[in-house]
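Reading through the structure tokens given below for one structure.
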2 protein chains.
Amino acid sequence: MTISAIPLDAETNAVEMPDDHRDELRLWLRLLTCSNLIEGEIRRRLRDRFNVTLPRFDLMAQLDKAPDGMTLSDLSKRMMVSNGNLTGLVDRLVASGHIDRRVSETDRRAQMISLTPMGQSEFRTIAGEHENWIAELFGGLNKKDQKDLMRLLAKTKYSARHAVHGDNE
Amino acid sequence: MTISAIPLDAETNAVEMPDDHRDELRLWLRLLTCSNLIEGEIRRRLRDRFNVTLPRFDLMAQLDKAPDGMTLSDLSKRMMVSNGNLTGLVDRLVASGHIDRRVSETDRRAQMISLTPMGQSEFRTIAGEHENWIAELFGGLNKKDQKDLMRLLAKTKYSARHAVHGDNE
DNA sequence: GAAAATTGTTTTAAGCTTAAAATAACCGGG
DNA sequence: CCCGGTTATTTTAAGCTTAAAACAATTTTC
């Protein structure tokens, strides 16, 4: 079967239009808009109501799941940010008394980072509110919408990862 | 009809669980992951292949759609970033010869920003590639998936906007 | 037409972010 | 034990981002 066997369909004015990817572009722009809209509102509320930034909150969320603490490298992988970024973030959270850093007992290069009691208590208060905000922001979607969106985003994530890493990782 | 008329269903162990919003939280985390994954890859490719940042590219994209130029305020609204942010971004793009700024003839406070011929030509090269990257990243979704996702994201956007602005705007 | 409100832009201070280079400690042979 | 490679972290330089304050020009209102 040669290429010429494929019949030309109604859309074959394709001479001046190598590939039309405008739909994908619009999809991406809409995804980005949603993400930015929600993230922006979360940042705003965290700042206004709890005087905390999103990166600080994210870091504390990771630590809350690891009662025994984590190293900077672990945090860096989990949060998908650079090591250097974390150095500064951790410095500021230590300074504000939310987290503790102590040199690992088994590896003098590494530091174990953990929430202070104050940090944990403050985080949990914020996290409770945060969960309500998210529910509010997604309030316009019914359970079926949520399920469908979840599935399509899983597919999107897989698709993007595939394109990013070329199958491996 | 009083509240007591509502029968207790199977899920009513709700005593220790005021509202369960974990599904929405997972949905949000997945949306964020998708967005960050794709945006990160786009940033990386823009930098590696064209030595340009995403904000610069976004700014040029706005200008490309407005041949007669735009003011900083217009750009600020379109791009949804702060004015102060734009001042710096524009400074750097003027310095690199991609855009022009001239005082508005009708309003001495305002400046008209527009692409230089070099800026436009460079932008269009990049934009072509960019569109292909997006198509590649979303390649795992068929047309129906894309249509469904588009619809659900529209709903999400509406829902979030509603929660952000409380109906108005 | 002058005061008041609004609009357009810049400055400032603080924090976030990255890549790349530097430093330091570990680990696995030989 | 020491050499080379790896891993953990920090530093550096540059750019992005914001909110708030400042300033300047325009428009509105009386």
Side-chain angles (χ1 to χ4, degrees), chain A residues 32 35-37 39-60 62 69-96 98-99 101-113, chain B residues 32 35-37 39-60 62 69-96 98-99 101-113:
Chain A
L32 191 57
S35 182
N36 288 164
L37 192 58
E39 185 175 324
E41 182 66 8
I42 296 299
R43 280 182 198 276
R44 199 160 18 248
R45 293 189 188 186
L46 285 174
R47 187 173 49 74
D48 293 351
R49 319 253 238 259
F50 296 106
N51 193 36
V52 74
T53 65
L54 186 52
R56 278 164 149 94
F57 177 72
D58 284 343
L59 196 156
M60 289 194 281
Q62 293 298 331
M70 304 173 75
T71 65
L72 285 175
S73 295
D74 291 339
L75 279 169
S76 166
K77 274 167 213 144
R78 295 280 190 97
M79 296 175 69
M80 301 196 290
V81 301
S82 66
N83 271 335
N85 189 356
L86 231 50
T87 296
L89 204 46
V90 165
D91 286 348
R92 288 184 290 271
L93 277 164
V94 168
S96 64
H98 291 86
I99 66 177
R101 74 195 319 170
R102 54 188 194 288
V103 173
S104 161
E105 286 159 18
T106 58
D107 186 339
R108 276 185 301 155
R109 291 168 306 178
Q111 303 176 46
M112 295 304 289
I113 312 294
Chain B
L32 191 56
S35 181
N36 288 164
L37 192 58
E39 185 176 324
E41 182 65 9
I42 296 299
R43 279 182 199 276
R44 198 160 17 248
R45 294 189 187 185
L46 285 174
R47 186 172 50 73
D48 293 350
R49 318 253 240 259
F50 296 107
N51 193 36
V52 74
T53 65
L54 186 53
R56 278 165 149 94
F57 177 72
D58 284 346
L59 196 156
M60 289 195 281
Q62 294 299 330
M70 303 173 75
T71 65
L72 285 176
S73 295
D74 291 339
L75 279 169
S76 165
K77 274 167 211 142
R78 295 281 190 97
M79 297 175 67
M80 303 195 290
V81 301
S82 66
N83 272 336
N85 189 356
L86 231 49
T87 296
L89 205 46
V90 165
D91 286 348
R92 288 184 290 269
L93 277 164
V94 168
S96 63
H98 291 85
I99 66 176
R101 73 195 320 171
R102 56 187 194 287
V103 172
S104 161
E105 286 160 17
T106 57
D107 185 339
R108 277 186 299 156
R109 291 169 307 179
Q111 305 176 44
M112 296 304 289
I113 311 294

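All values derive from a computational prediction rather than experimental measurement.
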Exercise. Which part of the nucleic acid, if any, lies within reach of A:D107 when heavy atoms closer than 4.0 Å are counted: base, sugar-phosphate only, or nothing?
Worked result: sugar-phosphate

Exercise. For residues 46-60 of chain B, which residues have at least one heavy atom under 4.0 Å from DNA chain C?
Worked result: B:R47

Problem set entry | Between P of C:dT9 and CZ of B:R102, the distance in whole Å | 13 Å

For this session: Please report, rounded to the nearest Å, how far the P atom of C:dT10 is from the CG atom of B:L86.
Result: 9 Å

For this session: Considering just the side-chain nitrogens and oxygens of B:R101, establish if one lies under 4.0 Å of OP1 or OP2 belonging to C:dT10.
Result: yes

For this session: Could you check A:R108 against B:T71 and say which one's nearest nucleotide on DNA chain C is further toward the 5' end?
Result: B:T71

Problem set entry | Heavy-atom side-chain contact between A:T71 and A:M112 under 4.5 Å | yes

Exercise. Which of these nucleotides, D:dT17, C:dG15, C:dT18, is closest to any side-chain atom of A:R92?
Worked result: C:dG15

Exercise. Would you say the side-chain atoms of B:S76 pair up with the backbone N or O of B:V81, donor to acceptor, closer than 3.5 Å?
Worked result: yes

Exercise. Any side-chain heavy atom of B:R43 within less than 4.5 Å of one from B:P55?
Worked result: yes

Exercise. How close or far is atom C1' of D:dT11 from atom CG of A:L72, stated in whole angstroms?
Worked result: 14 Å

Exercise. Atom CG of B:L89 and atom P of D:dG15: how far apart are they, to the nearest Å?
Worked result: 11 Å

For this session: Indicate whether the side chain of A:T106 and that of A:S104 have a donor and an acceptor atom separated by less than 3.5 Å.
Result: yes

For this session: Please state how far atom CZ in A:R109 lies from atom C1' in D:dT6, giving the value in whole angstrom units.
Result: 8 Å

Exercise. Under 4.0 angstrom, heavy atoms only, what part of the nucleic acid is A:S73 near: base, sugar-phosphate, or nothing?
Worked result: sugar-phosphate

Exercise. From C:dT9, D:dT18, C:dG15, pick the nucleotide closest to the side chain of B:N83?
Worked result: C:dT9

Exercise. A:R44 or B:G88: which one's nearest nucleotide on DNA chain D is closer to the 5' end?
Worked result: B:G88

Seminar exercise, completed: Taken to the nearest whole Å, CE/A:M70 to C1'/D:dA8 is 14 Å

For this session: Mind jotting down which residue pairs meet the side-chain hydrogen bond (donor to acceptor under 3.5 Å, both in side chains) criterion with at least one end in residues 44-54 of chain B? Sequence neighbours excluded, please.
Result: B:E41-B:R44, B:E41-B:R45, B:R45-B:E136

Exercise. Who passes side chain to side chain donor-acceptor pair (under 3.5 Å) against B:R109, sequence neighbours left out?
Worked result: B:D107

Exercise. C:dT18 C1' sits how many Å from B:E39 CD, rounded?
Worked result: 13 Å

Seminar exercise, completed: Between CD of B:Q111 and P of C:dT9 the distance, given in whole Å, is 6 Å

Exercise. At their closest point, which heavy atom of A:D58 faces which heavy atom of A:M79, and how far apart are they?
Worked result: CB-CE, 3.9 Å

